[in-house]
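Read the structure below first, then the notes.
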Protein chains: 2
Amino acid sequence: MDQIDLKILDFLQQNARISFSELGRAINMTQPAVSERVRKLEEKGIIDSYRTIVSPEKLGKTVTAFILVQTNDCGKLTAFGSQSQDVVEMHQLSGQFNFMLKVQTHSMQSLNTFLSLCSQYGFTSTMTVLSSPLAFKGITSELD
Amino acid sequence: MDQIDLKILDFLQQNARISFSELGRAINMTQPAVSERVRKLEEKGIIDSYRTIVSPEKLGKTVTAFILVQTNDCGKLTAFGSQSQDVVEMHQLSGQFNFMLKVQTHSMQSLNTFLSLCSQYGFTSTMTVLSSPLAFKGITSELD
DNA sequence: CCTGAAAATAGAACCGC
DNA sequence: GCGGTTCTATTTTCAGG
């Protein structure tokens, strides 16, 4: 991991489909050199995956919420969340609420329906998202 | 948006760097046809972006936490979060806590330091992440 | 890490449905 | 409108240095 790798990660985080040729031109390096560095970053697991971000709103999923749950069976809740079309993230937490789900539904009514199902696993506390000033920021290691 | 577009989105969400040729072979369609459909999905904004996911752990960021904040100046908090290397997400919420930050730091000590800075914007409540059974699930529209 | 040739891929123009 | 075919340019891969 050096400054060049960090530059490569910066570009790839902004646009995962950039060609290695173009990336090479941007950082003054030949395409095979970039290609080899990326291969090693993948091999080391520093690059975890390449994902396409689909707009939830454009597919009718206009309601986003975080649901805190106080449950005594994380396993069942995980299974429930895995098969739900509305759940996009699940986290096991420390604290009074030991579980959090991020859900995206197409109406407040369907969120309500989801919460009814959820409540059978424990007490819940729901926070709906009004806006996301920062939906995702890539990692720019502290070396810069 | 039809079943073919959904299949394309499925593949692209799993691997944003798949070639259109390979994608075409997978769904029995020629490369130019796939290319054109993807172009339109981008144009419509259904495809928002292509991102490379970098493993925080592999870069030493081993501590992940969600910080709820009760603040009366979301603007200042947003500005603070934008310039912090540790903040990866920010959401404005409805409820008692009207703001949530997702942070990734390299130790509990640095999380503590971050919280001190954060507390000047309002009351905070921190939940550290023990595990993420589902870090991200792509959207598979309810048509399937 | 660079060069250079071969293979794979992407883009554009055109045709048929 | 939508997808297929063909051709050309670009990109990737792999050899060798």
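Lettering of chains follows the sequences in order, A, B, ..., and the numbering in each one begins at 1. Given the structure is predicted, the values throughout are model-derived calculations rather than measurements.
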Please report, rounded to the nearest Å, how far the [atom2] atom of [N] is from the [atom1] atom of [X].
| X | N | atom1 | atom2 | value |
| --- | --- | --- | --- | --- |
| Arg25(A) | dT11(D) | CZ | C1' | 9 Å |
| Gln31(A) | dC2(C) | CD | P | 11 Å |
| Glu22(A) | dA10(C) | CD | C1' | 13 Å |
| Ile18(B) | dT12(D) | CD1 | P | 15 Å |

Less than 4.0 angstrom from a charged side-chain N to a carboxylate O is my criterion; do [X] and [Y] meet it?
| X | Y | result |
| --- | --- | --- |
| Lys61(B) | Glu57(B) | no |
| Lys102(A) | Asp86(A) | no |
| Arg39(B) | Glu42(B) | no |
| Lys44(B) | Asp5(B) | no |

Q) Would the Phe80(A) and Tyr121(A) ring centres measure less than 6.0 Å apart? A) yes

Can you name the atoms? Protein N/O to nucleotides 1-3 of chain D N/O, anything below 3.5 Å, with the distance.
unit_1 : atom_1 : unit_2   : atom_2 : d
dC2(D) : OP2    : Lys40(B) : NZ     : 2.5
dG3(D) : OP1    : Arg37(B) : NE     : 2.7
dG3(D) : OP1    : Arg37(B) : NH2    : 2.2
dG3(D) : OP2    : Arg37(B) : NE     : 3.4

Q. Do Val129(A) and Phe66(A) have side chains that get closer than 4.5 Å, going by heavy atoms?
A.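 Result yes, sub-4.5 Å side-chain heavy-atom pair found.
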
(Q) Using OP1 and OP2 only, check whether a side-chain N or O of Ser35(B) sits under 4.0 Å from dA10(C). (A)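 So the side-chain polar atoms of Ser35(B) never come under 4.0 Å of the phosphate oxygens OP1 or OP2 of dA10(C).
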
Q: Tell me whether the OP1 or OP2 atom of dA10(C) has a side-chain N or O from Ser21(B) closer than 4.0 Å.
A: yes

Q: For the side chain of Phe20(B), starting at C-beta, report the closest nucleotide among dG11(C), dT3(C), dT12(D).
A: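 Selected nucleotide: dG11(C).
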
(Q) Donor-acceptor pair, distance only, cut-off 3.5 Å: does the side chain of Arg17(B) make one with the backbone of Ser49(A)? (A)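 Not confirmed, Arg17(B) side chain does not pair with Ser49(A) backbone.
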
Q: May I ask you to decide if Glu89(B)'s main-chain N or O and Lys137(A)'s side chain share a donor-acceptor pair within less than 3.5 Å?
A: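 Judged by distance alone, no pair lies under 3.5 Å.
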
Q | Members of residues 42-49 of chain A that approach DNA chain C, where some heavy atom sits under 4.0 Å away | A |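 Per residue number, the list is empty: none.
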
Q. Out of Val69(A), Thr126(A), Thr124(A), which one pairs with Leu101(A) under the side-chain contact (heavy atoms from CB on, under 4.5 Å) rule?
A. Val69(A)

Q: Compute the bend angle of the helix from dC1(C)-dG17(D) to dC17(C)-dG1(D) from the end axes (five pairs per end), rounded to 10°.
A: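 The angle, to the nearest 10 degrees, is 30°.
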
Q) Which part of the nucleic acid, if any, lies within reach of Arg39(B) when heavy atoms closer than 4.0 Å are counted: base, sugar-phosphate only, or nothing? A)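 Since no nucleic acid heavy atom lies under 4.0 Å of Arg39(B), the category is nothing.
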
Q: Compute whether any side-chain donor of one residue and acceptor of the other, for Gln85(A) and Thr140(B), lie under 3.5 angstrom apart.
A: yes

**Q.** Same cluster (ILVMFWY, side-chain, under 4.5 Å), Phe136(A) and Ile47(B)
**A.**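 Cluster IDs for Phe136(A) and Ile47(B) differ.
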
